[in-house]
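Input: a single structure, listed below in structure tokens.
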Amino acid sequence: MSVPHEALDFERPGFFRQLQLRDWAYFALMAAVAVISLTFYGENMDRYDIGGLILAVGTSAWMGWFWRPWQAFSIIVGVLALFGIWLYGDNLAANETNFWLNYIGSGQAGVMWMSVFLYLSTVAYLMGLFSSSDFPSRVGAAFAWVGAGAGAMALLVRWREIYLTDPTWGYIPVANLYEVFILFAALTTLMYLYYEQRTGSRNMGAFVMLVIAASVTFLLWYMFDREAHVVEPLVPALNSWWMKIHVPTNFVGYGGFAIAAMLGVAFLIRNRLDRTRPDAAITRRIPSTDTLDSVMYKAIAIGFAFFTIATVLGAMWAAEAWGGYWSWDPKETWALIVWLNYAAWLHMRFTKGWRGPTMAWWAIVGLFITTFAFLGVNMFLSGLHSYGEL
Amino acid sequence: MSNNDQAATAGPAPASRQKAARKPRRSRILVDFMGSMSLAITLLVALAIASVIGTVLVQNEPYTEYLIDFGPFWHEIFAGMGLYQVYSATWFLLVVAFLVISTSFCVYRQSPGLLKDLRRYNLQVKEKSLRSFHSSATGDLDQPQDAFVQHAHQVLKAQGFRAREKTSEGQTVIAAMRGRWNRMGYLLTHVGIVVICVGALADGTTLLKLNEWLGNLEIETRSVPISEVPRSAWVPEWNPSFRGSVEIPEGASANVVFLPMREGYYVQELPFRIELEEFRIERFSTGAEQSYESDLVIHDPNRDEPLRHTISVNHPLIYNGYAIYQASFADGGTRLDIDAIPLGAEALQELEVPGRVFQEIEVPTPAGDTRTIEFTNFQSENVVPLLNEEGVRENRQMGPSFDFRLMDRTGHGLYYRNYQRPALQEGAMYFLSGVRESPADEFHYLFLPADADDSLERFRTYLAMLHNTEVRNEIARQVARDDDSVPNEQSQAIARTTAELMGLFAEGGYMAVHEEIERRVPADRIDEVRDLMIRILHAGLQGLYMEVLQDEGVVSIQEEEQRFLEDTISAINAISLYQSPFFFHLKDFEHREASGLQIARAPGQSTVYAGSTMLIIGIFLLFYVSYQRLWIMARRRDDGEGTHVVMAGTSNRHQVEFEERFAHLKRWIIDQKPVGSDPQREDQNKNA
Ligand code: HEM
């Protein structure tokens with residue numbers, strides 16, 4: 001019995017044919033944002049600023065097509081951030097008198113909300129792991145969305161706050177440890193939510209959110225103990241267009257590696273439970289080792305790809321700022337070590353077909369190496385990257 | 001690659017691999033070893049460990065520091081292993097070289113097979129081998145063979161496969177593949193690595209080391225004027241790649257740069273001369289540097305006219321392949337006009353000390369000794385962030401300051417920082433001088449009160465008078481006489497005590513007074529006597545102050561004047577700890593800055609960038625294009641009706657996703673049913 005071809009669904013619609021009206025509407029919105037920004041502020045922008053704007057808007061439009069939830073997320077975050085910026089006007093002190101800014105919409109308040117929701121999300125996911133219902137994990141995902149949104153909004157509003165503090169200081173808020181920790185928490189959460197949606201296994205969240213909660217804890221300590229949120233002007237070498245792309249690219253890498261490590265933990269637990277308690281409910285609630293292995297690989301792959309780009313961008317920046325694309329500065333060197341580590345990991349998988357606990361352990365060790373490159377270098381080693389000291 | 005290995009045993013595998021298995025020639029064994037994964041991983045780990053060493057052990061310090069840190073025994077060993085310059089150590093370069101060779105071998109070994117893979121569809125498969133594939137399926141259809149083959153082609157085409165077909169003896173074989181760019185990704189990644197390493201090697205110090213090894217060059221370890229550096233430490237212009245630095249004061253010029261090398265340096269000649277016309281710093285309101293820039297003039301014999309260009313941080317000048325960067329700044333020998341004000345009886349007779357930053361000058365002290373002052377730095381602006389009364393941060397301009405070290409004949413001495421202008425401190429103005437034992441310590445400040453004219457005149461007068469025995473005696477007598485509560489016969493004794501206490505205080509502050517009391521008074525009466533003595537001393541100091549004010553013509557004493565006295569007393573008390581016979585006051589200066597330039601020549605840079613681009617493109621192709629092959633075999637069913645189908649597939653990555661994809665393909669091609677519209681699954685496939 002043959003079926004007429006129209007009834008079979010193998011015809012792959014071309015990429016553009018898959019797009020729905022809402023996708024085009026989102027694209028139009030992004031284009032409008034670019035055009036409006038250029039019309040009103042184009043005079044004050046140099047070609048790098050214009051390039052950066054188009055890159056940002058283009059990336060966002062593409063993200064919206066690639067992953068639909070990004071559309072609503074970016075619009076809500078954008079509107080809230082603009083609202084906060086509008087409330088500020090030209091007056092930084094507005095955050096003391098205005099209710100919205102004081103409690104919700106300023107950079108500082110946004111970070112607090114991000115922290116609260118990411119903590120709550122972690123708790124909810126953990127409850128989901130031990131409950132027979134899907135509900136706590138759904139709540140966990142919702143909180144994670146809100147937390148990531150609050151963090152993203154906080155960064156955008158802070159961007160304006162920096163200029164309000166002193167117009168000559170202006171820089172994009174990815175220049176010190178406080179700011180990049182916000183970036184890390186929000187970005188990693190988003191990356192995780194993407195994998196959660198694509199695989200449909202919510203219970204990975206109980207593991208991944210742990211590392212995000214840990215980074216939030218560090219952020220809060222850093223903020224309260226060291227007053228890290230106080231805006232300071234940049235050292236001259238950081239005042240560069242390169243920073244704007246180098247740092248966020250790097251953090252996609254860190255985020256991917258962090259997710260992979262936590263999935264490695266989940267993998268080891270599930271692997272053990274499969275042997276010791278194959279029928280227990282908890283065993284089945286942790287995603288299968290196959291799923292974990294596959295997402296772990298994907299997280300390392302995206303992390304590695306972006307980390308490579310970030311390292312190359314860093315080299316190009318160094319060539320401009322320090323007079324050489326590679327100086328064996330400790331931070332650079334540790335980036336290389338991280339890179340070599342994951343290159344070896346990928347080779348073992350590609351050429352030897354390694355899977356299983358060894359690779360999971362390796363991914364976990366990888367996070368320690370990455371963390372040292374990210375934080376340890378600043379704490380223990382000195383070098384040209386002397387900013388961002390703890 | 002496990003999946004391909006699996007396929008290899010099944011038949012349609014990369015051709016190169018099969019050949020290698022059949023004919024193990026000796027050269028082949030070498031190629032296999034050099035391109036083997038084990039070697040590559042070993043080298044990657046070795047490189048990582050070496051890099052860790054290089055970051056944990058601070059590199060390129062002076063050898064004397066290492067000697068102190070590790071002791072002579074370990075120092076010898078570490079130096080011998082090149083651990084102080086890991087990244088240019090021979091063994092390190094060898095590791096990198098092996099990595100390059102290994103990768104090259106890997107590419108060399110794989111590429112013929114790879115390129116063939118891109119073209120060869122392998123239509124010679126056997127049914128048995130297809131059945132042994134991990135992803136394989138069979139089916140018996142009622143459909144005639146022709147119709148089935150046509151249908152299969154349609155599905156394959158729609159799913160992005162390229163297919164070839166062959167029919168012999170009634171059996172049709174379709175071989176299909178997609179994602180061929182993945183294979184290019186493999187090549188690009190590894191060739192990219194090789195290209196990067198070659199470019200980087202060209203920019204390294206290998207050539208210098210070679211010449212050193214040949215005896216053409218010898219590093220200079222002393223810090224001597226450039227004219228005294230022997231020719232053997234000069235690197236001629238031919239050196240194609242280097243990176244060094246040079247400091248040029250304003251108005252001066254240089255045609256060399258210094259290349260740091262192990263425990264010393266080389267002097268690199270430049271084919272042009274760089275003159276620094278002017279250096280500027282822009283500062284934030286906090287006083288931190290916002291940016292700095294240099295107006296350079298390049299004098300090149302090959303140019304008719306000198307080239308003028310301004311460089312700043314992050315905006316270098318690239319001139320004929322020489323990149324000139326703004327790296328740092330320093331003092332260029334600022335001229336300082338200084339008054340050395342003696343902190344004693346001669347306080348009113350200052351000594352003029354004309355100096356320059358980085359200069360040492362001998363100053364004779366009033367006591368007949370000499371001190372050496374070494375000027376170490378000058379700062380034209382100082383901004384200190386302070387919290388004001390409302391708790392809001394405020395930046396206070398402190399004006400120019402200069403740093404110096406003051407040494408006695410033995411070379412011992414403290415470090416000082418003096419500010420030119422008086423600074424406001426809790427409502428009054430003071431001249432500040434910081435002092436510390438070593439540059440690592442915090443400063444302790446001496447506060448000398450400034451008078452209404454913002455000058456030190458009144459303080460100096462007071463100090464000079466306090467150190468004058470006759471004045472002290474006279475004042476003491478007056479004070480004792482004026483005190484009505486004291487019987488006349490005691491007043492002389494009191495006057496003596498007052499004068500004596502003032503003398504002690506002038507020489508050693510309260511400390512000297514206390515010591516004297518402790519020496520003379522029994523322990524049980526000390527507290528009582530001390531209170532009395534301090535009162536007497538203060539009466540004397542106050543009396544002296546009245547005298548000073550009278551000379552100035554001040555009649556009524558306000559709160560300000562009272563405060564001035566208290567500050568003066570505190571300052572004189574602190575002088576004994578200040579350990580300098582002078583207060584050095586900056587009268588005037590002529591600021592001269594020096595710009596720190598970093599000059600580099602890196603002919604390999606564009607090669608490195610090209611390699612990086614290949615690497616990045618390659619990585620994306622490798623990760624996000626999956627290489628898949630599919631075989632479909634169709635023949636007339638044994639019963640003569642319908643078609644018998646065998647289908648098998650393999651992918652070099654993403655086994656889970658491929659199995660899913662294969663299941664879909666089977667459903668479309670063999671079952672001929674829709675997979676259903678589960679968008680999530682679709683998406684997953686799309687992104688696999
Ligand atoms: C650090 C530099 C690198 C070195 C020294 C290196 C070395 C090697 C070696 C020796 C092989 C074995 C080739 C063979 O089996 O004949 C290999 C295979 C492979 N490498 Fe690399 N590699 C490097 C970087 C990378 C990077 C950055 C990637 C991308 C993520 C990559 C992806 C692969 C893949 C996919 C294979 C398997 C090729 C195949 O058998 O199809 N390599 N590499």
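Note that these values count all heavy atoms, side chains included, but never hydrogens, waters or copies made by symmetry. Here is how names work: the chains are called A, B, and so on, in the same order as the sequence lines, proteins then strands, and each is numbered from 1.
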**Request:** Not counting sequence neighbours, which residues clear side-chain contact (heavy atoms from CB on, under 4.5 Å) with B/Q159? List them please.
**Result:** A/F10, A/R12, B/V155, B/F161, B/R661, B/L665, B/W668
**Minimum heavy-atom distance between B/Q290 and A/T168, given as atom pair plus value** = NE2-O, 3.2 Å
**Request:** Can you tell which part of B/F148 gets under 4.5 Å to a heavy atom of chain A, answering side chain, backbone, both or neither?
**Result:** neither
**Prompt:** Using non-hydrogen atoms only, which part of A/I302 is less than 4.5 Å away from chain B: side chain, backbone, both, or neither?
**Reply:** both
**Fill in**
Distance col, row B/I616:CD1 vs A/F306:CZ, nearest 0.5 angstrom, shows 10.5 Å
**Request:** Please look at A/S240 and chain B and tell me whether the side chain, the backbone, both or neither of the residue comes under 4.5 angstrom of a heavy atom of that chain.
**Result:** both
**Request:** Would you check, one step at a time, whether the test side-chain contact (heavy atoms from CB on, under 4.5 Å) holds for B/S612 with A/M316?
**Result:** CA-CA 10 Å; B/S612 306; A/M316 293 169 118; over 6 Å; no
**Prompt:** Tell me, side chain or backbone of B/A147 under 4.5 Å from chain A's heavy atoms, or both, or neither?
**Reply:** neither
**Complete:** Turns out that what part of A/I309 lies under 4.5 Å from chain B's heavy atoms comes down to both
**Asked** B/V52 versus chain A, heavy atoms under 4.5 Å apart: side chain, backbone, both or neither?
**Response** both
**Item:** Partners passing ring pair (Phe, Tyr, Trp, His ring centres under 6.0 Å) against A/Y195 (at least two apart in sequence or in another chain)
**Value:** none
**Item:** Heavy-atom closest contact (B/S51 atom, A/T333 atom, distance)
**Value:** CB-CG2, 3.3 Å
**Flag, side chain of B/Q605 to backbone of A/Y325, donor-acceptor distance under 3.5 Å** = no
**Asked** So, the side chain of B/Y325 versus the backbone of A/A319: is there a donor-acceptor pair under 3.5 Å, distance only?
**Response** yes
**Prompt:** Does CH2 in A/W242 sit with more than 12 non-hydrogen atoms of other residues, nucleotides or ligands closer than 6.0 Å?
**Reply:** yes
**Complete:** Heavy-atom nearest pair, A/E320 first then B/N314, reads OE1-O, 3.4 Å
**B/E289 and A/P233, any side-chain heavy atoms less than 4.5 Å apart** = no
**Prompt:** Which answer fits B/L47, side chain, backbone, both or neither, if we ask what part of it has an atom under 4.5 Å from a heavy atom of chain A?
**Reply:** both
**Approximate separation, where rounding is to 0.5 Å, of A/H347 NE2 and B/L44 CG** = 7.0 Å
**Asked** Less than 4.5 Å apart, any side-chain heavy atom of A/F304 and any of B/F623?
**Response** yes
**Request:** Under 4.5 Å heavy-atom distance to chain A, tell me which part of B/Q598 shows up: side chain, backbone, both or neither.
**Result:** side chain
**Complete:** Most contact-rich option vs chain B, by heavy-atom pairs under 4.5 angstrom, among A/N341, A/I369, A/T291, A/I337, is A/I337
**Asked** Is it the side chain or the backbone of A/W326 that comes within 4.5 Å of chain B heavy atoms, both, or neither?
**Response** backbone
**Asked** Just wondering, do A/T308 and B/L615 contact through their side chains at under 4.5 Å, heavy atoms?
**Response** yes
